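Just follow the structure's listing: the first ligand is 1, and inside any ligand the first atom is 1. All figures in this text were calculated on a predicted structure; none of them were measured in a lab.
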Amino acid sequence: MSTKATLNYNDLSIDLPVITGSENESAIDIAALRSGANLVTIDPGFKNTGSCESAITFLDGDKGILRYRGYSIEELAEKASFLEVAYLLIFGELPNTEQLEVFENDIKSNSVVDEDIKKIIDAFPKAAHPMGVLASLTSALTAFNPSSVNVNSEADMYKAIVKIMGKFPVLVAWTMRKTQGLPIDYGDKNLDYVGNIMKMMFGQPNEGFKVNPAVKEALNKLLILHADHEQNCSTSTVRIVGSSHAGLFASLSAGISALWGPLHGGANQAVLEMLEAIREDGGDTAKFMMKAKDKNDPFRLMGFGHRVYKNFDPRARIIKKAADEVLEDLGIDDPVLDIAKSLEKEALNDPYFVDRKLYPNVDFYSGIIYRSLGIPVQMFTVMFALGRLPGWIAQWREMRLGKEPIGRPRQIYTGATLRSYVDISHR
Ligand code: SDX
């Protein structure tokens, strides 16, 4: 395999190194392009541009492969705990019993947030979108944990990591309780990570809390499936904000805002709203398929399509199966699941979707499970953020430890050329 690419331009011929990764993906290293040929590249949406070398997550969009640190998503979703996967993503190896115990205990001893955070939550209107609240609270954590801002050593990074791993679920749960008008719950250190999240989210003030094993298994699986996904929009945001050496919490807050968008993590909420709209409209999926294909109609089949996967999103397969299992375990018959399945069937046989390789993605079925667990639809993207937290942390840590330069893309200017100021009396 060649280790260089030659660019011929005007009377110039410049050799550029080609790097190849552990899964035989190759990239042209263009670091010498400006100095050697006075050229930059341009690629709106970075559809063909790599921002970094990373050892965390591998995707093969054509084969529908997703692996965290070399382990398949199918195995991890089936066999691992979310905290094991968090440790794997952040530190690179599956933890042994002692390592996991230390990690879990360090997180537990950081799972209380300053009481003044409640004043910030109370300042929000009840109808505030939880993603906006969560982004604000995550950034506010910086003020309550100043030692977690300027972290440069691995030891200081670890302290900031266990702090946010401990406090983020509290912010998520308290944000949800605010939208429901329920008193906040402080959790229980005797429960494990996911069990504690469940108590803070679902515990009722007038009764004891018991962890429902079926719900816990579903949540554990969903959090693992959302844990990382290489250089997606929100992760790239975390990396570029972190590259200015803004603290971890500030970088995560930026990532939460990026995830909020309906083209990204916000799609899981948009999918449920779309399915409900189809149900209320009489379940005429064909009508909505036509809308999705109509270039003059802004409607898109939410939960379908992906920048990288041009095959089934492996996570969608697992979540679709889990949706059937959870609804059966909980004895719920949700008509929107049937609508989702008929939409999927129609799309997979429709040339518009087949030609564009548009398949269900991670967001297509996840909302059906969240809803069956009693999670409000506006909280679906917050659940995505809860799962993605360890991936964002891992990517931020890799960028900082790799001493990557501050992210600062170039541009091609297309505006007015030099002109002189004209006094307002002459305009
Ligand atoms: C996530 O990047 C990640 O890894 C993200 C994520 C993660 O884990 O972090 O996987 C999570 O964000 C999943 C995606 C969730 N978003 C949605 O479900 C929203 C609906 N999907 C689309 O908006 C779209 O498919 C994107 C945003 C996901 C991908 O967009 P691209 O890669 O920029 O593709 P495109 O918009 O250029 O579409 C290519 C063609 C276009 O048609 P033509 O102009 O070629 O005729 O496909 C069409 C699009 O109009 N198209 C759709 C469609 N998605 C793409 N048409 C109808 N419905 C859709 N959903």
Inset, instruction - Would you mind checking which non-hydrogen protein atom is closest to atom 47 (O) of ligand 1, with the distance to 0.1 Å? - result: R356 CD, 3.5 Å
Inset, instruction - Could you tell me whether G303 and ligand 1 have an N or O pair separated by under 3.5 Å? - result: yes
Inset, instruction - Using a strict cut-off of 4.0 Å, indicate which atoms of ligand 1 neighbour a heavy atom of R388. - result: 7 (C), 8 (O), 9 (O)
Legend entry - L263 touching ligand 1 at heavy-atom level, < 4.0 angstrom: yes
Inset, instruction - Around atom 19 (C) of ligand 1, find the nearest protein heavy atom and jot down its residue, atom name and distance. - result: M302 CE, 3.7 Å
Legend entry - Under 4.0 Å to a heavy atom of K47 - the qualifying atoms of ligand 1, by number: 33 (O), 37 (O)
Legend entry - Region of R315 that comes within reach of ligand 1 [heavy atoms, distance under 4.0 Å]: side chain
Legend entry - Identified side-chain contact (heavy atoms from CB on, under 4.5 Å) partner of W392 from the options L248, T237, I256, D228: I256
Legend entry - Protein heavy atom at shortest distance from atom 42 (O) of ligand 1: K295 NZ, 3.2 Å
Inset, instruction - Decide whether the shortest distance between a heavy atom of E230 and an atom of ligand 1 is less than 4.0 Å. - result: no
Legend entry - Protein contact to atom 15 (C) of ligand 1 [nearest heavy atom, distance to 0.1 Å]: D363 OD2, 3.2 Å
Inset, instruction - For ligand 1, note which part of Y352 has a heavy atom under 4.0 Å away: side chain, backbone, both or neither. - result: side chain
Inset, instruction - For A267, take its heavy atoms, then give the atoms of ligand 1 lying under 4.0 Å from any of them. - result: 15 (C), 16 (N), 17 (C), 18 (O)
Inset, instruction - Determine, using ring centers only, whether W174 and Y186 are less than 6.0 Å apart. - result: yes
Inset, instruction - Starting from atom 2 (O) of ligand 1, find the nearest protein heavy-atom neighbour and note its residue, name and distance. - result: N232 CB, 3.4 Å
Legend entry - Identity of the nearest option to atom 36 (O) of ligand 1, non-hydrogen atoms only, from K293, R307, R300, M289: R300
Inset, instruction - For the residue pair Q269 and T381, confirm or rule out a side-chain donor-acceptor distance under 3.5 Å. - result: no
Legend entry - Identified salt bridge (charged side-chain N to carboxylate O under 4.0 Å, His left out) counterpart of D334 within the set K341, R371, R279: R371
Inset, instruction - Step through it carefully: locate the ring centre of H226, locate the ring centre of F82, and say whether they are under 6.0 Å apart. - result: no
Inset, instruction - Look at atom 14 (C) of ligand 1 and say which protein heavy atom is nearest, naming residue and atom and giving the distance to 0.1 Å. - result: N361 ND2, 3.5 Å
Legend entry - Ring centres under 6.0 angstrom apart (F58, Y68): no
Inset, instruction - Might you work through the salt bridge (charged side-chain N to carboxylate O under 4.0 Å, His left out) test for D156 and K159, ending with a clear yes or no? - result: CA-CA 5 Å; D156 286 348; K159 288 179 195 149; 3.7 Å; yes
Legend entry - Closest protein heavy atom to atom 52 (C) of ligand 1, given as residue, atom name and distance to 0.1 Å: L358 CD1, 3.6 Å
Legend entry - Heteroatom proximity flag, L301 to ligand 1, N/O under 3.5 Å: yes
Legend entry - Per atom 4 (O) of ligand 1, closest listed option by heavy atom (H229, M274, K357): H229
Legend entry - Proximity flag Q231 to ligand 1, non-hydrogen atoms under 4.0 Å: no
Inset, instruction - Give the atoms of ligand 1, by number and element, whose distance to some non-hydrogen atom of A292 is under 4.0 Å. - result: 57 (C)
Inset, instruction - Indicate yes or no: does D188 engage K199 in a salt bridge with an N to O separation below 4.0 Å. - result: no
Inset, instruction - Tell me, please, whether F312 has R317 positioned over its six-membered ring: NZ or CZ under 6.0 Å from the ring centre and within 45 degrees of its axis? - result: yes
Legend entry - Row check, Y352 ring normal vs R356 NZ/CZ: under 6.0 Å, within 45°: yes
Inset, instruction - Could you give me the CA-CA distance, side-chain angles and deciding distance for K310 and D62, then say whether salt bridge (charged side-chain N to carboxylate O under 4.0 Å, His left out) is met? - result: CA-CA 5 Å; K310 300 310 171 190; D62 295 324; over 6 Å; no
Legend entry - Pair D60 + R67: basic N to acidic O under 4.0 Å: no
Inset, instruction - Please work out whether the ring planes of Y370 and F380 are parallel, tilted or perpendicular, with thresholds of 30° and 60°. - result: tilted
Inset, instruction - Check ligand 1 against G305 and write out every atom of the ligand that is under 4.0 Å from a heavy-atom position of the residue. - result: 25 (O), 28 (C)
Legend entry - atom 20 (C) of ligand 1 - nearest protein heavy atom and its distance: F304 O, 3.4 Å
Legend entry - Min heavy-atom dist F364 to ligand 1 below 4.0 Å: no
Inset, instruction - Kindly state whether the ring of F304 and the ring of F364 have centres lying under 6.0 angstrom apart. - result: yes
Inset, instruction - With heavy atoms only and a cut-off of under 4.0 Å, state how L59 meets ligand 1: side chain, backbone, both or neither. - result: neither
Inset, instruction - Taking the six-membered ring for Trp and the single ring otherwise, decide whether the centroids of H306 and H229 are under 6.0 Å apart. - result: yes
Legend entry - Verify atom 7 (C) of ligand 1: protein non-hydrogen atom under 4.0 angstrom away: yes
Inset, instruction - Output yes when a protein non-hydrogen atom is found under 4.0 Å of atom 28 (C) of ligand 1, and no otherwise. - result: yes
